Amino acid sequence: MDYKFPPEFLWGSTTAAYQVEGNNINSDFWAEEHAEGSPYKDKSGDTIDHYRLYKEDIALMASLGLNSYRFSIEWSRIEPEPGYYSRSAIEHYREVLETCYQYGLTPVVAMHHFSSPKWLMRLGGWASPEVPERFASYCEVVFKEIGHLIPYVLTMNEINLPVMLREIFSKIGFIAPVGIARDAWEAPKWRESAAKLCGTTIENYFTFHMISDETSINILKETHRKARKAIKQIQPNTKVGLSMALSDIQSIPGGEEWAEKKWHSYFRQYLDMVAEDDFFGLQNYTREVYGPEGQVKPEDGAELTLMGYEFYPEALGNVIRKVSKDLSIPIMITEHGIATENDERRVEFIRKALEGVQACLDEGVDVRGYLHWTTFDNFEWQSGYSMKFGLIEVDRSTQERKVKGSANFLGSIAKVNTLLTKL
């Protein structure tokens, strides 16, 4: 059976600046990597050198048949010191955007993907009441210069992830969605070293991944609102949203209340934040099941990914349905992927998940695109280079790219805008 997707449906893949560009030395994450006692398995270094090789990389994505590319702009490159904006960095991202158009890829841009300038930590990080104005000013500078080239923008990536990290993974011991080690919450000594490398003390050190208390969440909400306003005043036609990491929250008998509380914590408490957005960025990797005592680990023998997640591609369709009950704006899948050495399982993961997307479309849910995480095997934060999420393999000794079967599979779907499934 052939499943046809809507015209203008976005088919693409995703990267994050810090994970692919290399040598983001002005970032708080660079400080965390190089802190004494750091839990990071590897140093990012050159990563896959995308800052230099972006033209070849974008051409490669287009050659696969993809029509969209989601990437992030690195705040610490644009504003390496407070109030100083780098013309060189702005022109770099202008060229990235223009290259996307040259090869027929619609850009989807994140203004923030976890990493922040070191200098922000000197002001108190994401707990500082200065953050909303400073982030909005950064967005304003970027959009005055290159906003006309950005049709879709996420102010921030996975704004709810800090709550997930603190509430679930730090307590139960599950691996966090993007490789953030649970020990990060329990390792003040290395954080003290990271703070020092940022030019401050542990009292001021408050990274994006620590936004999980009421005060910092309110600062986060105000940051998004001010950024959205700044962007819209300059480029009213740009579609503005944000993304959330959302597991498929399920329950077994006795776990219903747990599941309801978690869904509120992960999603519903942020609904006021997205009320005036143009679209919603949905990101999903697996499910979470709750019982009478809380989260239940996957059954013995369940297929797990390299991240320790249950292989459960059906989660994507389920989450789309759940968020659509509370949202009246279009949904874009801005991340969905699997860490595995077995690329055949990635193909199956994509195929089954897209069946769920198609079912949601058939039910009338407004889904605008599917952007796979990630384009390349790259630097996965504390997990280093051990997690293989990419559609494209990279030999970092030579920076040679090698296309996987899953990249060709997704590209073949994009070319015909149709999912071919076996019956």
Side-chain angles (χ1 to χ4, degrees), residues 15-48 50-51 72-82 110-128 131 134-135 156-166 169-170 173 175-213 216 219-220 245 307 374 378-387 389 396:
T15 63
Y18 194 90
Q19 295 179 259
V20 296
E21 288 182 343
N23 302 306
N24 264 310
I25 61 174
N26 292 315
S27 164
D28 56 351
F29 269 93
W30 188 267
E32 293 208 344
E33 283 184 55
H34 293 83
E36 183 179 354
S38 173
Y40 286 72
K41 292 182 179 179
D42 299 310
K43 301 289 190 294
S44 60
D46 289 335
T47 60
I48 63 164
H50 185 61
Y51 199 84
S72 69
I73 291 176
E74 183 68 22
W75 186 6
S76 63
R77 289 191 189 274
I78 298 290
E79 192 179 5
E81 290 295 337
M111 295 302 293
H112 186 272
H113 193 125
F114 297 156
S115 51
S116 306
K118 286 179 181 177
W119 57 258
L120 192 67
M121 298 304 110
R122 303 199 295 268
L123 303 180
W126 284 85
S128 169
V131 167
R134 289 190 175 272
F135 187 77
M156 292 168 282
N157 179 70
E158 293 188 341
I159 53 96
N160 62 335
L161 180 60
V163 167
M164 296 177 73
L165 289 174
R166 188 155 199 148
F169 301 105
S170 65
I175 298 175
V178 290
I180 303 301
R182 66 187 179 92
D183 293 341
W185 293 107
E186 305 161 4
K189 289 185 178 180
W190 77 264
R191 284 190 174 274
E192 286 178 11
S193 175
K196 186 176 181 180
L197 291 174
C198 288
T200 189
T201 62
I202 190 68
E203 290 78 18
N204 284 336
Y205 191 79
F206 199 98
T207 66
F208 187 83
H209 284 99
M210 298 169 72
I211 305 172
S212 57
D213 62 283
S216 61
I219 290 172
L220 176 79
M307 292 289 289
T374 177
N378 59 28
F379 181 74
E380 276 294 329
W381 313 107
Q382 271 113 326
S383 297
Y385 292 100
S386 62
M387 298 295 159
F389 276 100
R396 290 188 300 110

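FYI, the numbering just counts along the sequence from 1. All values reported here derive from a predicted model rather than from experimental measurement.
Across every non-hydrogen atom of Asn24 and Ser76, the tightest pair is OD1-OG, 4.1 Å. Between Lys43 and Phe379 the shortest heavy-atom distance is C-CE1, 4.0 Å. In this structure, Trp190 and Ala35 approach most closely via the heavy-atom pair O-CB, 3.5 Å. Contact between Ile211 and Pro162 at its shortest, heavy atoms only, is O-CB, 3.1 Å. Minimum heavy-atom separation, Ala31 to Ala194: CB-O, 3.7 Å. Nearest approach of Lys41 to Ser383, heavy atoms of both residues: CD-O, 3.9 Å.
Here the CG atom belonging to Asp213 is positioned 5.0 Å from the CZ atom belonging to Phe206, to the nearest 0.5 angstrom. For the atom pair CE of Met111 and CG of Asn157, the computed distance is 13.5 Å after rounding to the nearest 0.5 Å. How far CE of Met121 is from CG of Leu197: 13.0 Å, rounded to the nearest 0.5 Å. Atom-to-atom distance recorded for Arg77:CZ and Glu21:CD is 4.5 Å, nearest 0.5 angstrom. Rounded to the nearest 0.5 Å, atoms CD (Glu192) and OH (Tyr205) are 12.0 Å apart.
A side-chain donor-acceptor contact under 3.5 Å links Asp28 to the backbone of Ser116. Ser72 places a side-chain N or O within 3.5 Å of a backbone atom of Ala17 that can act as its donor or acceptor partner. Side chain of Asp46 to main chain of Asn23: no donor-acceptor pair is present (N/O by atom type, distance under 3.5 Å, no hydrogens or angles). Between the side chain of Thr47 and the main chain of Val20, a donor-acceptor pair closer than 3.5 Å is present. A donor-acceptor pair under 3.5 Å is formed between the side chain of Asp42 and the backbone N or O of Tyr385. Side chain of Ser38 to backbone of Glu32: a donor-acceptor contact under 3.5 angstrom is found. Put simply, the side chain of Ser128 gets close to the backbone of Leu123: a donor and an acceptor are under 3.5 Å apart.
Taking Glu36 as the reference, nothing meets the side-chain hydrogen bond (donor to acceptor under 3.5 Å, both in side chains) condition, with sequence neighbours excluded.
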Kindly indicate, with the supporting measurements, whether the criterion side chain to side chain contact (heavy atoms under 4.5 Å, CB included) is fulfilled by Met156 and Leu220. CA-CA 9 Å; Met156 292 168 282; Leu220 176 79; 3.6 Å; yes
Determine whether Lys118 and Leu120 satisfy the following criterion, side chain to side chain contact (heavy atoms under 4.5 Å, CB included), listing intermediate values before the conclusion. CA-CA 5 Å; Lys118 286 179 181 177; Leu120 192 67; over 6 Å; no
Where do Asn26 and Glu74 land on the side chain to side chain contact (heavy atoms under 4.5 Å, CB included) test, with the steps shown first? CA-CA 10 Å; Asn26 292 315; Glu74 183 68 22; over 6 Å; no
List the steps, then state whether side chain to side chain contact (heavy atoms under 4.5 Å, CB included) holds for Ser216 with Met210. CA-CA 8 Å; Ser216 61; Met210 298 169 72; over 6 Å; no
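Gln19 is listed as a side-chain neighbour of Trp381, based on a closest heavy-atom distance under 4.5 Å. Side-chain contact check for Glu380 versus Met307: every heavy-atom pair is 4.5 Å or farther apart.
Aromatic ring centroids of His209 and Phe29 lie under 6.0 Å apart.
Side-chain atoms of Asn204 and Arg122 include no donor-acceptor pair closer than 3.5 Å.
With Trp75 as the partner, the ring-ring contact (aromatic ring centres under 6.0 Å, His included) test is satisfied by one option alone out of Tyr18, Phe208, Phe114, Trp119: Trp119.
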